[in-house]
Amino acid sequence: EPVLGDTDKRFCGSFKLFRPDGSYMPHDECPMAIALKEGRDIRGEQIIAERPDGAARWLEPYPTPLRDTDGRVIGRIYMLVDITERKQAEHAARESEERYRTLFASAPMAVFVCDRNAVIQQYNHRAVELWGREPTCGVEKHCGSTRLWLPDGTLLPHDQSPVLDALRTGVPAHNVEVFIERPDGSRLPVLVNFAAIKNARGEVTGAITSFIDITERKRAEEELRQAEKRLRFVMDSMPQKIFTAKPNGDVDYFNPIWTEFTGLTFEHIRDWGWTQFIHPDDVAENVRVWRQSIDTGEPFQFEHRFRRADGEYRWHLSRALPMR
């Protein structure tokens, strides 16, 4: 570290001075020395002063030469404004902004930001991928997709986008399902979330919108529906009596052969109502074995009598396996 000489001490006591980039600043190069040397005011400079206790403070100097009646410089007025807290706040804000930009750019979901008039101000790469185009920031409004559609196939005009509700009311909206249309005419199902951006006074200044491509989920749901449809078709057409039950034992499906056999509809025999057509002598043991099967996950197997629609009891072998 530099050793201060008498010349250095003339301008700033025993402080060590540094430029904003951290490099050492000799005292005869400080704003006050320049103001005295050149006989002019210095404004807009910033310096870092290291106090004798080692603490560093950011300062904004306002050196002003003093002149006699002939205009000669005879001294100076040196005002210093401590801006350390301001610089710390600026540094924290820059770090926060950098974290925000990093998160915004790297988020796996599509995100875009619009102002209070719904004009798009910012978007990330994932949004461009889903839209299939890159909208013009500061010009285009509401959404970067070509068109929006509701799940039922109804066109949703951009000027009726739910983002306008968030901008108007400040109330967020979650998991709104829409289809975005790309320039090639393809449509992608997405779940959209809207949240208003507010200033310190609570006023809405814009909105941030995130949306997730749920194409794979919709495809899986459709495959599941088709699988269930095929399964239901098979069960409905089987000559055996088939039922399914919830984990607690409540029956939630009977195939049609049950209705033909018992003369009762599903509404009459759903949940535990099916015990009504078991022979009274078989009910208690049947329920005990059934509950044991539920508790242990072991297959259920029991021989019991079911009452037919004409009142006759017929012996049946019932078997049930856990679905996992």
Side-chain angles (χ1 to χ4, degrees), residues 104-197 204-237 244 246 252-256 265-267 270 323:
F104 190 87
S106 61
M109 66 181 66
V111 184
F112 72 92
V113 178
C114 62
D115 64 16
R116 61 183 303 172
N117 297 314
V119 178
I120 298 174
Q121 301 295 318
Q122 188 181 12
Y123 48 80
N124 66 358
H125 180 67
R126 183 58 178 151
V128 174
E129 288 181 341
L130 294 188
W131 287 330
R133 61 183 292 270
E134 193 164 347
T136 304
C137 282
V139 177
E140 298 187 46
K141 301 177 67 173
H142 307 114
C143 181
S145 63
T146 303
R147 286 189 291 184
L148 294 174
W149 301 85
L150 295 174
D152 64 4
T154 304
L155 178 66
L156 176 64
H158 277 68
D159 59 6
Q160 296 178 20
S161 170
V163 71
L164 297 179
D165 292 331
L167 289 170
R168 185 179 66 256
T169 66
V171 178
H174 302 291
N175 297 328
V176 179
E177 185 175 336
V178 297
F179 283 77
I180 58 175
E181 183 175 313
R182 297 155 59 90
D184 62 5
S186 61
R187 299 179 187 177
L188 296 180
V190 296
L191 281 184
V192 191
N193 292 276
F194 306 94
I197 301 172
V204 176
T205 60
I208 184 166
T209 302
S210 62
F211 51 106
I212 304 172
D213 183 359
I214 57 171
T215 302
E216 292 304 318
R217 194 187 81 179
K218 300 293 284 187
R219 183 178 294 117
E221 290 174 352
E222 179 58 27
E223 290 176 354
L224 179 60
R225 280 193 294 271
Q226 292 299 323
E228 290 177 342
K229 185 177 180 180
R230 289 192 295 271
L231 177 61
R232 184 61 58 90
F233 173 78
V234 171
M235 292 193 298
D236 285 352
S237 59
T244 61
K246 302 174 184 176
D252 55 7
Y253 167 78
F254 277 103
N255 67 345
T265 66
F266 175 66
E267 292 303 317
R270 67 183 304 167
M323 293 188 293

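Values below: all heavy atoms of this structure, side chains included; hydrogens, waters and symmetry mates excluded.
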Can you find a pair of side-chain heavy atoms, one from [X] and one from [Y], that are under 4.5 Å apart?
{"X": "V111", "Y": "R126", "result": "no"}
{"X": "V163", "Y": "C114", "result": "yes"}
{"X": "L156", "Y": "P162", "result": "yes"}

Checklist entry - With distance as the sole test, does Y123 use its side chain to make a donor-acceptor pair with the main-chain N or O of G144 at under 3.5 Å? => result no
Measuring from [X]:[atom1] to [Y]:[atom2], what's the distance to the nearest 0.5 Å?
{"X": "Q226", "Y": "L224", "atom1": "CD", "atom2": "CG", "result": "10.0 Å"}
{"X": "I180", "Y": "C143", "atom1": "CD1", "atom2": "SG", "result": "6.5 Å"}
{"X": "D115", "Y": "K141", "atom1": "CG", "atom2": "NZ", "result": "8.5 Å"}
{"X": "L188", "Y": "F211", "atom1": "CG", "atom2": "CZ", "result": "9.5 Å"}
{"X": "W131", "Y": "T146", "atom1": "CH2", "atom2": "OG1", "result": "11.0 Å"}
{"X": "L231", "Y": "D236", "atom1": "CG", "atom2": "CG", "result": "9.0 Å"}

Checklist outcome for this item: Residue pairs passing the salt bridge (charged side-chain N to carboxylate O under 4.0 Å, His left out) test with at least one member in residues 169-191, sequence neighbours excluded, are R147-E181, E177-K218, E181-R187
Checklist outcome for this item: Residue set satisfying side chain to side chain contact (heavy atoms under 4.5 Å, CB included) with L164, at least two apart, ordered chain then number -> A118, H142, L167
Checklist outcome for this item: The complete set of side-chain hydrogen bond (donor to acceptor under 3.5 Å, both in side chains) pairs with one or both residues in residues 164-176, sequence neighbours excluded, reads D165-R168, H174-N193
Heavy-atom pair with the smallest gap, counting every atom of [X] and [Y]:
{"X": "L130", "Y": "A110", "value": "CD1-CB, 3.9 Å"}
{"X": "P183", "Y": "G132", "value": "CG-O, 3.6 Å"}
{"X": "F266", "Y": "Y253", "value": "CE1-N, 3.6 Å"}
{"X": "A196", "Y": "G170", "value": "CB-CA, 3.8 Å"}
{"X": "T209", "Y": "F194", "value": "OG1-CD2, 3.4 Å"}

Could I get the full list of side-chain hydrogen bond (donor to acceptor under 3.5 Å, both in side chains) partners for [X], not counting sequence neighbours?
{"X": "D213", "answer": "T215"}
{"X": "S237", "answer": "none"}
{"X": "T244", "answer": "D252"}
{"X": "Q160", "answer": "none"}

Item to check | F179/L148 under side chain to side chain contact (heavy atoms under 4.5 Å, CB included): CA gap, chis, key distance, verdict | outcome: CA-CA 6 Å; F179 283 77; L148 294 174; over 6 Å; no
Could I get the full list of salt bridge (charged side-chain N to carboxylate O under 4.0 Å, His left out) partners for [X], not counting sequence neighbours?
{"X": "R133", "answer": "E140"}
{"X": "R225", "answer": "E222"}
{"X": "R232", "answer": "none"}
{"X": "E228", "answer": "none"}

Checklist entry - Could E221 and R217 be called an ion pair, given the rule that one side-chain N must be under 4.0 Å from one carboxylate O? => result yes
